[in-house]
2 protein chains.
Amino acid sequence: MPITEQDRLAGDDPAAPPEALAGGAHATGATQRSRAKETRRQALLSAAASLFAVNGFNRVSLEDLGAAAGVSGPAVYRHFPGKQAVLGALLLSVSQDLLDGGQSVVAAAGDPASALARLVQFHVDFALSNPDVIRVQDRDFSNLSADDQAQVRALQRSYVELWVDVLAGIHSETDTADLRMRAHATFGLINSTPHSVRNHGRRMAIKSARPLLENMALAALTAPA
Amino acid sequence: MPITEQDRLAGDDPAAPPEALAGGAHATGATQRSRAKETRRQALLSAAASLFAVNGFNRVSLEDLGAAAGVSGPAVYRHFPGKQAVLGALLLSVSQDLLDGGQSVVAAAGDPASALARLVQFHVDFALSNPDVIRVQDRDFSNLSADDQAQVRALQRSYVELWVDVLAGIHSETDTADLRMRAHATFGLINSTPHSVRNHGRRMAIKSARPLLENMALAALTAPA
DNA sequence: CATCACAGTTAATAGAGACTAACCTAAATC
DNA sequence: GATTTAGGTTAGTCTCTATTAACTGTGATG
């Protein structure tokens with residue numbers, strides 16, 4: 001472990017025996033064991049998000065990862081086939097969540113203009129709520145296995161197309177490549193927050209960041225070609 | 001070496017003897033040797049930019065790096081004290097170039113509004129011309145030594161302050177934290193191009209990307225608070 | 001011309017860290 | 001209650017790669 005954090009996330013005392021985890025919040029499995037396992041899995045994913053975000057995939061050892069989830073080293077193999085698979089699970093779930101969220105937002109909206117406004121709100125909210133995974137996604141994508149890369153890319157593509165379709169309903173004259181680039185650039189704008197808004201609150205309050213980002217994003221999206 | 005490129009950058013045949021490099025384009029040193037050395041150093045930095053951008057710092061070995069510059073393995077130590085130092089030299093020079101360029105742009109401009117427009121032009125141009133280093137900078141920053149991190153951060157801070165000062169001349173009522181976040185978000189927007197504009201030209205022509213990005217950036221920067 | 005300096009080379013060295021083996025204990029299961 | 005299952009543990013193994021050592025050949029330098 002380099003030097004940085006690894007506490008703060010494992011809500012439970014790392015030294016506590018596994019049974020202490022059994023009564024955890026979620027985990028809907030039947031047996032006590034399967035619930036404990038699910039909880040541990042979530043702890044590992046959460047630890048991975050934070051550790052990977054801070055140190056980068058390559059500088060987090062399985063030892064670090066296990067320790068942050070209250071377990072040590074090779075125990076990770078009881079939950080994932082390998083280190084790369086942890087990253088895969090993490091990024092696949094993020095991409096899926098973004099896509100699902102985006103789709104339901106669009107489905108709920110009436111006209112394209114309000115759909116776009118809601119999409120922006122949704123994405124800003126997502127980025128401000130999950131800065132860690134956002135960071136990991138655009139820093140450690142290339143550490144995914146080839147298969148996972150393809151799957152994540154497919155999900156991301158769908159998400160982008162969602163935006164492009166909505167944008168096409170507004171800038172009907174503009175060609176798709178242009179709209180796709182607008183979407184990407186807007187993601188870049190919104191996703192910049194993990195860099196500027198520090199976890200330990202140095203820079204700027206999230207509360208005031210939200211409307212500012214929304215306004216900037218909408219302005220950029222509706223700027224003249 | 002994973003699989004990806006390592007040719008295409010070393011303009012000279014990697015198998016060619018060192019003397020072939022002596023007649024290179026730049027390198028103003030006195031003796032033949034010092035010119036060759038400078039050329040090799042540049043080749044290493046250029047190879048590093050490309051390799052790090054594609055594969056990430058950690059998955060490029062010194063062997064790869066040397067090979068891409070027509071030299072092999074430990075020869076890198078004749079030019080840099082270590083792998084980390086190569087990254088340091090690369091990112092320090094980028095940060096310095098951005099700051100220098102930004103300062104001269106602002107110095108040349110009259111009113112704040114035109115200064116801002118020129119800054120945007122400059123930054124867009126920089127990002128489109130050097131997608132590799134942009135990518136490396138925001139992906140592998142944390143692989144720098146502590147000292148280099150501090151230096152790069154200082155340069156970046158100055159660059160941001162340059163933008164904030166110009167922005168303050170326009171949105172005079174807005175507070176600085178807000179303006180700083182605007183600058184960061186705009187960098188995120190503009191720096192998104194390394195992701196969307198692929199080197200091998202899949203996505204969108206650079207030519208049409210430039211004005212689009214400029215318009216989006218300006219719209220975002222001047223959006224209501 | 002003699003000698004030095006120095007960019008390169010190939011062959012160790014060394015440390016890190018992903019993954020595997022062998023065991024252990026307690027919840028499931030019958 | 002006996003037996004299996006499975007999450008954990010600790011102690012290897014094995015590979016990869018940054019760095020160092022020991023040499024070499026050739027362009028400066030006097």
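In what follows, every heavy atom counts, from backbone to side chain, and hydrogens, waters and symmetry copies are set aside.
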Which pairs with one or both residues in residues 70-90 of chain A pass ring-ring contact (aromatic ring centres under 6.0 Å, His included), sequence neighbours excluded?
none

Going by ring-ring contact (aromatic ring centres under 6.0 Å, His included), name the pairs with one or both residues in residues 50-76 of chain A, residues two or more places apart or in two chains.
Phe52(A)-Phe57(A)

For [X] and [N], what is the distance between atoms [atom1] and [atom2] respectively, to the nearest whole Å?
{"X": "Asn58(B)", "N": "dA16(C)", "atom1": "CG", "atom2": "P", "result": "15 Å"}
{"X": "Leu62(B)", "N": "dA12(C)", "atom1": "CG", "atom2": "P", "result": "20 Å"}
{"X": "Tyr77(A)", "N": "dT9(D)", "atom1": "OH", "atom2": "P", "result": "14 Å"}
{"X": "Gln32(A)", "N": "dA26(C)", "atom1": "CD", "atom2": "C1'", "result": "10 Å"}
{"X": "His79(B)", "N": "dG8(C)", "atom1": "NE2", "atom2": "C1'", "result": "9 Å"}
{"X": "Glu63(A)", "N": "dG15(C)", "atom1": "CD", "atom2": "C1'", "result": "15 Å"}
{"X": "Asn55(A)", "N": "dG17(C)", "atom1": "CG", "atom2": "C1'", "result": "15 Å"}
{"X": "Arg35(B)", "N": "dA28(D)", "atom1": "CZ", "atom2": "C1'", "result": "12 Å"}

With a 4.0 Å cutoff (strictly under), does any side-chain N or O of Arg40(A) reach OP1 or OP2 of dG8(D)?
yes

[X] side-chain N/O to [Y] backbone N/O, donor-acceptor pair under 3.5 Å:
{"X": "Arg210(B)", "Y": "Val124(B)", "answer": "no"}
{"X": "Ser46(A)", "Y": "Gln42(A)", "answer": "no"}
{"X": "Lys83(A)", "Y": "Val76(A)", "answer": "no"}

Is there any protein nitrogen or oxygen under 3.5 Å from a nitrogen or oxygen in nucleotides 4-6 of chain C, and what are the pairs?
from	atom 1	to	atom 2	distance (Å)
dA5(C)	N3	Arg33(B)	NH1	3.4
dC6(C)	O4'	Arg33(B)	NH1	3.4

Considering only distance and modelled atom types, tabulate donor-acceptor pairs under 3.5 Å from the side chains of residues 84-108 of chain A, sequence neighbours left out.
from	atom 1	to	atom 2	distance (Å)
Gln84(A)	NE2	Asn143(A)	O	3.0
Ser93(A)	OG	Leu90(A)	O	3.4
Ser95(A)	OG	Leu91(A)	O	2.8
Ser95(A)	OG	Gln137(A)	NE2	3.0
Gln96(A)	NE2	Asp100(A)	OD1	3.0
Ser104(A)	OG	Gly101(A)	O	3.2

Anything under 30° is parallel, anything over 60° is perpendicular, the rest tilted; go ahead and classify His184(A) against Phe187(A).
perpendicular

Would you call the rings of His123(B) and Trp163(B) parallel, tilted or perpendicular, where under 30° means parallel and over 60° means perpendicular?
perpendicular

Tell me which nucleotide among dT10(C), dG8(C), dT29(D) gets nearest to the side chain of Ala75(B).
dG8(C)

Between dG8(C), dT9(D), dA28(D), which nucleotide gets closest to the side-chain atoms of Ser72(A)?
dT9(D)

side-chain contact (heavy atoms from CB on, under 4.5 Å) partners of Arg33(A), counting only residues at least two apart:
Thr31(A)

Of residues 82-91 of chain A, the positions that come close to DNA chain C - non-hydrogen atoms, cut-off under 4.0 Å
Gly82(A), Lys83(A)

